[in-house]
Protein chains: 2
Amino acid sequence: MVKFRSMSQDSVSAPTFSPLYRQIKTLILQGLEAGEWRPGELIPSETELALRFNVSQGTVRKAIDEMAAESLLVRRQGKGTYVASHTDAGPREAFRFLRLVAETGATETLQSVPLECWRAKAGHEAARTLGIAFGAPIIIVRRLLKFSGKPVVIEEIYLPGELFGGLDLEMLQAYQGQGSFYSLLETRFGVRMLRAEERIRAVAADPVNAKLLEVAQGTPLLSVERVSHTYGDRPVEWRQSLYSTATHYYSNELS
Amino acid sequence: MVKFRSMSQDSVSAPTFSPLYRQIKTLILQGLEAGEWRPGELIPSETELALRFNVSQGTVRKAIDEMAAESLLVRRQGKGTYVASHTDAGPREAFRFLRLVAETGATETLQSVPLECWRAKAGHEAARTLGIAFGAPIIIVRRLLKFSGKPVVIEEIYLPGELFGGLDLEMLQAYQGQGSFYSLLETRFGVRMLRAEERIRAVAADPVNAKLLEVAQGTPLLSVERVSHTYGDRPVEWRQSLYSTATHYYSNELS
DNA sequence: GAGTGGTCTAGACCACTGT
DNA sequence: CAGTGGTCTAGACCACTCC
């Protein structure tokens, strides 16, 4: 392996300096991206990777440390390092990106009810958000999330058609209870959501959504707009959700 | 220094095992808590701490790494390691816990307008949240935040009277433009907010707050309830905020 | 140039998981 | 038991900041 131990700062704009462990991180990332190791699988041991990349074990360790901090990998002492997955088991593990919590700390069942799934062409906003051409095919999913049987979230999900060709209502229904939506995208389409940004606002319930969420029309709801990204920070999901916050709240940690 | 390199698992409930670097971390934490180094100040170099604690520099490094990840310390290459502070300069640095962003990415001026500040006795909820006795003295601050001159946030802040005795409206007004609220608490009262939890809901604007935020009564607003903690995860601030999300949104990152 | 944090190495040993 | 990640050390050198 060729090591670029440093980069000179001769040029005007500064590429600055890239430590070895970041180069290793990039190499591991490429392996993940190329599907060399699939979600949930074990990656080679640190010593093995160190041999392969011809660096010390400590350097591999630091690369993996960063990736574990970003939830790309999961370390398990005594066993090895695994590729992070949205299909992990554990009720709260499975919905990694869902920050809704019951007012009463009670444990709840969470059920996803697919309502519709149709094909469309990307409008200006969807095209811009997803980084695809205006008019490019997209898939729109509409679904309801029920906490302990009560409807709490209604959402519309916009996906680039190019990546999720075969997705339809039937598939969504068939996947019921087998895992989260992202778990489906991961296992059926090989697209992994690594990071997401959310924009939260307060809006009034319109008649249609009010009925679905079983609240009065005009009830204040949380509007959560999410853009999820896969490798290379490529946006691959745009989602507009409405959260009913009568019995639940959006939980966030600051530091 | 006495090192407990491991703990046996003889007892039934498991204290498990505490690595050296965590013990070092605790020691540094104690120094911070005791005020040995104040916010914004430089702490001793890694080598010096290593000598003092009689461990290797790498072990100190790992302790500091964790504390930097938790925003307790800030490293600056070539200069040293500093105690993190809410008084840091930088417009977005100063309001570290504020996640509100303008719809248009434009940079804005942020102004805090103190409205009221009065003393009261803790009710059941405040007492429970702040971990103080029912009826214990508390201080309540009511203020408005203006972005580029427009009111966007109205909030009520509940503080334990024991810690913030001399806080009054005059002091709040005198501190205008000198830094954030937390910066004031830090410099005037020596209380540092390290971590906070937020619970977000959607509510309708009541007449009083609607007028202050210059929106119609009943307009959906973001209700953000925040509990901030200082050392030892001790809660020392309870805050109820209302965000107008017509021109701004609450921004969050998931991973 | 001296001092700081940042990187890299090599080797020893510990803790946890499976067989 | 062997294999994995986790900790700890000691030393070398690099990059950045300030005098």
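Predicted model, so just to flag it, every value in this text is computed and none were measured. Here is the naming used below: chain letters follow the sequence lines, and residue numbers restart at 1 for every chain.
Taking the six-membered ring where the residue is Trp, Y158(B) and W238(B) present tilted rings, their angle falling between 30° and 60°.
Taking the side chain of K62(B) as heavy atoms from C-beta on, and the options dC8(C), dC8(D), dT7(D), the nearest nucleotide is dT7(D). Distances were taken from every side-chain heavy atom of P19(A) (C-beta onward) to each of dT9(D), dG5(D), dC8(C); the shortest belongs to dC8(C). Considering only side-chain atoms of F17(A), the nucleotide from dT7(C), dA10(C), dG5(D) that sits closest is dT7(C).
Distance, Y82(B) OH to dC16(D) P: 16 Å, rounded to whole Å. Distance R61(B) CZ to dC8(C) C1': 12 Å, rounded to the nearest Å. Computed from coordinates, the E46(A) CD to dT7(D) C1' distance equals 12 Å when rounded to whole Å. Atom pair L20(B):CG and dA10(D):P shows a separation of 12 Å (rounding to whole Å applied). Spacing between atom CG of L73(B) and atom P of dT4(C) amounts to 16 Å, rounded to whole angstrom units. For the pair I24(A) CD1 and dC8(C) P, the computed distance is 9 Å after rounding to whole Å. Atom CD in Q57(B) sits roughly 14 Å away from atom C1' in dC14(D) (whole-Å rounding). Spacing between atom CG of L51(A) and atom C1' of dA10(C) amounts to 13 Å, rounded to whole angstrom units.
Side-chain nitrogen and oxygen atoms of R75(B) include at least one within less than 4.0 Å of the OP1 or OP2 phosphate oxygen of dG6(C). OP1 or OP2 of dT9(C) sits under 4.0 Å from a side-chain N or O of T59(A). The phosphate of dT4(D) has OP1 or OP2 within less than 4.0 Å of a side-chain N or O from S45(A). Of the side-chain N and O atoms in T81(B), one or more sit less than 4.0 angstrom from OP1 or OP2 of dG5(C).
Mapping Y21(A) and K79(A) onto DNA chain C by nearest heavy atom places Y21(A) at the nucleotide closer to the 5' end. Nearest-nucleotide positions on DNA chain C for G78(A) and S56(A) put S56(A) closer to the 5' end.
At a threshold of 4.5 Å between non-hydrogen side-chain atoms, the residues F53(B) and L20(B) do not count as touching.
Annotation: the span from L254(B) atom CG to R226(A) atom CZ amounts to 6.0 Å, rounded to 0.5 Å.
A distance-only check finds a donor-acceptor pair linking the side chain of Q176(A) to the backbone of S112(A) [under 3.5 Å].
The pair E66(A)-R22(A) meets the salt-bridge criterion, with a side-chain N (NZ, NE, NH1 or NH2) lying under 4.0 Å from an Asp/Glu carboxylate O.
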